[in-house]
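What follows is one structure encoded as structure tokens, with my remarks underneath.
Predicted model only: the values in this text are computed from it and were never measured. Residue numbers begin at 1 in each chain, while the letters A, B, ... track the order of the sequences.
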2 protein chains.
Amino acid sequence: MAEALELSTTEQKILEAAKKVFIQKGLDGARLDEIANEAGINKALLHYYFKSKEKLFEKIFDEMIGKLLPDFSAIIESQNPIEEKIEFFVHKYIDFVSENPQLPLFMVTEINRNPQRMKDLLGHTQNFIILQRFAFQMITEMQVGRIKSFNPLHLMLNIMSLCIFPIISKPVIQAILQLNEADLNIILQQRKEEVSRFIREALRP
Amino acid sequence: MAEALELSTTEQKILEAAKKVFIQKGLDGARLDEIANEAGINKALLHYYFKSKEKLFEKIFDEMIGKLLPDFSAIIESQNPIEEKIEFFVHKYIDFVSENPQLPLFMVTEINRNPQRMKDLLGHTQNFIILQRFAFQMITEMQVGRIKSFNPLHLMLNIMSLCIFPIISKPVIQAILQLNEADLNIILQQRKEEVSRFIREALRP
DNA sequence: GGCATTATTAACTTTTTAGTTAAACTTTCT
DNA sequence: AGAAAGTTTAACTAAAAAGTTAATAATGCC
């Protein structure tokens, strides 16, 4: 019996549909009928493959949490000077959240609504260790005076904030500035350079 | 007939309860029974005062949207140098979101789920104009060389991001860093100074 | 006091949505 | 071919939540 070795097409279709609907509407707002429609199958199949709405959601959530922080090991491990690393990180990160614009808000909302879920899941991901190493590198470079000294925790919060928050609040910005989708996307692309420069200037010794 | 001139106690109790539950659980997650319980009244009274869940929600939402940006006119209008204004703004803003920690995520989530709602509501608030004036001041100070030149839109997005995002992602940070509520709050208070300094250094000519 | 208006409730109906079942269809194995 | 296991569906039930109603209690008015 080779069960579970290979995902059936139906199972994948369900997961994709569920991902789409859950991310768009959240756990509470999502409807199983909508997921079934989206996947082009009967609702009963959802229960056949995944016992319940909750279980299906957890599957999606667990899979997503690994993607919250993409794999930046290559950047971190490289021997480039820290300013370049940060610049590269910012570019890559803004690209990443631009390609997955709904991911941050989804994760933040659902973790907020059920913090325990995330606590239970910690350790399943190595991303924290990578961030820790990054922080350690920062301290080293601060000590040799290549960049100005900041609390590394806050510095990393700053970098993350600058990259993620405008994506999360896109609809708010859009409404306030009365911009169309295309114009706003241009602004968000500009940010790669603006944010890089902002951080660079702040860190310049 | 003096109707609607003075809010009845019951109406206020309902609004307060609804605010609490809606902010905590969102439109989809909130239950009318829970709101009624919280307000200490019968569920039918909700319909007596506000026709439907949707209508009640809109009332709350409309009231909240004005609070998204508190009134900073005093700071903006003062004659202090721009660095001091920004520093004061950051302190006040972090205080504000710390006191209303659930507000930003609530607004962002619901605006994201129904962008039209916010677009319909624009103009009801004067906050945008204040921000515009702030941006204009920045440009002036950049021209006379008191602060380094940045795109003012991005600069304001940066300031907002640094103040708001860590509050929004509090549960995520808490889970990752394995901190208790008290310790995390200390870190968020530290941010007032860290963020001020970060921006100050970035802007220093 | 008693009548009219407003406020409040318990119990009910309706609607929505998650979850189940039994039967039909497919695939696979011998 | 045909039995067994796996897959899929239409139609159903159960549960939860929104919304309604008709009767009761409180309030203000003459």
Side-chain angles (χ1 to χ4, degrees), chain A residues 1-64 106 109-110 113-114 116-117, chain B residues 1-63 106 109-110 113-114 117:
Chain A
M1 266 181 266
E3 24 122 15
L5 276 184
E6 194 170 301
L7 283 180
S8 88
T9 280
T10 303
E11 209 172 328
Q12 276 176 303
K13 274 193 299 182
I14 293 175
L15 284 172
E16 264 166 61
K19 202 178 295 181
K20 183 173 166 186
V21 175
F22 276 133
I23 285 182
Q24 220 170 63
K25 313 241 165 129
L27 171 56
D28 292 323
R31 296 294 156 242
L32 290 187
D33 285 303
E34 193 182 347
I35 294 174
N37 275 355
E38 184 76 35
I41 50 128
N42 187 290
K43 185 172 56 131
L45 263 188
L46 294 179
H47 290 91
Y48 178 75
Y49 282 101
F50 312 88
K51 304 281 287 178
S52 68
K53 185 186 183 183
E54 186 73 21
K55 290 255 176 64
L56 176 57
F57 178 83
E58 305 238 285
K59 198 105 188 178
I60 305 288
F61 183 86
D62 293 4
E63 198 191 312
M64 289 289 164
F106 169 75
T109 304
E110 297 302 337
R113 212 138 283 167
N114 186 350
Q116 196 54 46
R117 214 199 302 276
Chain B
M1 267 179 266
E3 23 124 13
L5 275 185
E6 196 171 300
L7 284 181
S8 88
T9 279
T10 304
E11 208 172 328
Q12 276 177 304
K13 273 194 298 183
I14 293 174
L15 283 171
E16 263 167 60
K19 202 178 296 182
K20 184 172 166 186
V21 175
F22 276 134
I23 286 183
Q24 218 171 63
K25 313 239 164 131
L27 172 56
D28 293 322
R31 297 292 156 241
L32 289 188
D33 286 303
E34 193 182 348
I35 294 174
N37 275 355
E38 184 74 35
I41 51 127
N42 187 290
K43 185 172 55 130
L45 264 188
L46 294 180
H47 291 91
Y48 179 75
Y49 283 101
F50 312 88
K51 304 282 287 178
S52 66
K53 184 186 183 183
E54 185 73 20
K55 290 256 176 62
L56 177 57
F57 178 82
E58 306 238 285
K59 200 107 187 174
I60 304 289
F61 183 87
D62 293 3
E63 199 191 312
F106 170 74
T109 303
E110 296 302 337
R113 210 141 285 167
N114 186 351
R117 214 198 303 274

Contact list please: residues 51-59 of chain A against DNA chain C, heavy atoms, distance less than 4.0 Å, in numerical order.
A:Ser52, A:Lys53
Please find the pair of heavy atoms, one from A:Phe61 and one from A:Arg117, that lie closest to each other, and give the distance.
CD2-CD, 3.6 Å
4.5 Å side-chain heavy-atom contact, A:Phe57 and A:Glu110
yes
Restricting to salt bridge (charged side-chain N to carboxylate O under 4.0 Å, His left out), what partner residues turn up for A:Lys25, sequence neighbours left out?
A:Glu34
Is any side-chain heavy atom of B:Lys53 less than 4.5 Å from a side-chain heavy atom of B:Ile35?
no
In residues 26-37 of chain A, which residues come under 4.0 Å of DNA chain C by heavy atom?
A:Ala30, A:Arg31, A:Leu32
Side chains of B:Leu15 and B:Lys19: does their closest heavy-atom pair fall under 4.5 Å?
no
A:Phe22 atom CZ is separated from C:dA18 atom C1', nearest whole Å, by 12 Å
Residue pairs fulfilling salt bridge (Lys or Arg N to Asp or Glu O under 4.0 Å) with at least one residue in residues 37-47 of chain B, sequence neighbours excluded:
B:Lys20-B:Glu38
Can you find a pair of side-chain heavy atoms, one from B:Leu27 and one from B:Glu54, that are under 4.5 Å apart?
yes
Rounded to whole Å, please give me the gap between OH in B:Tyr49 and C1' in C:dT9.
13 Å
Do A:Arg31 and A:Asn37 make a side-chain contact, defined as non-hydrogen atoms from C-beta onward lying under 4.5 Å apart?
no
Would you mind reading off the distance between A:Phe50 atom CZ and C:dT20 atom C1', rounded to a whole angstrom?
18 Å
Non-neighbouring partners of A:Arg113 that pass side chain to side chain donor-acceptor pair (under 3.5 Å), sequence neighbours left out:
none
Atom CD1 in B:Ile23, atom OG1 in B:Thr109: separation rounded to 0.5 Å?
11.0 Å
Measure CD/A:Glu11 against P/D:dT8 and give the value in whole Å, please.
10 Å
For D:dG19, take OP1 and OP2 only and decide whether either is under 4.0 Å from a side-chain N or O of B:His47.
yes
Would a 4.5 Å heavy-atom cut-off, applied to side chains only, mark A:Tyr49 and A:Leu56 as touching?
no
Return a single string for nucleotides 9-15 of chain D, one symbol per nucleotide in 5' to 3' order, where B is base contact, S is sugar-phosphate-only contact and - is none, cutoff 4.0 angstrom on heavy atoms.
BB-----
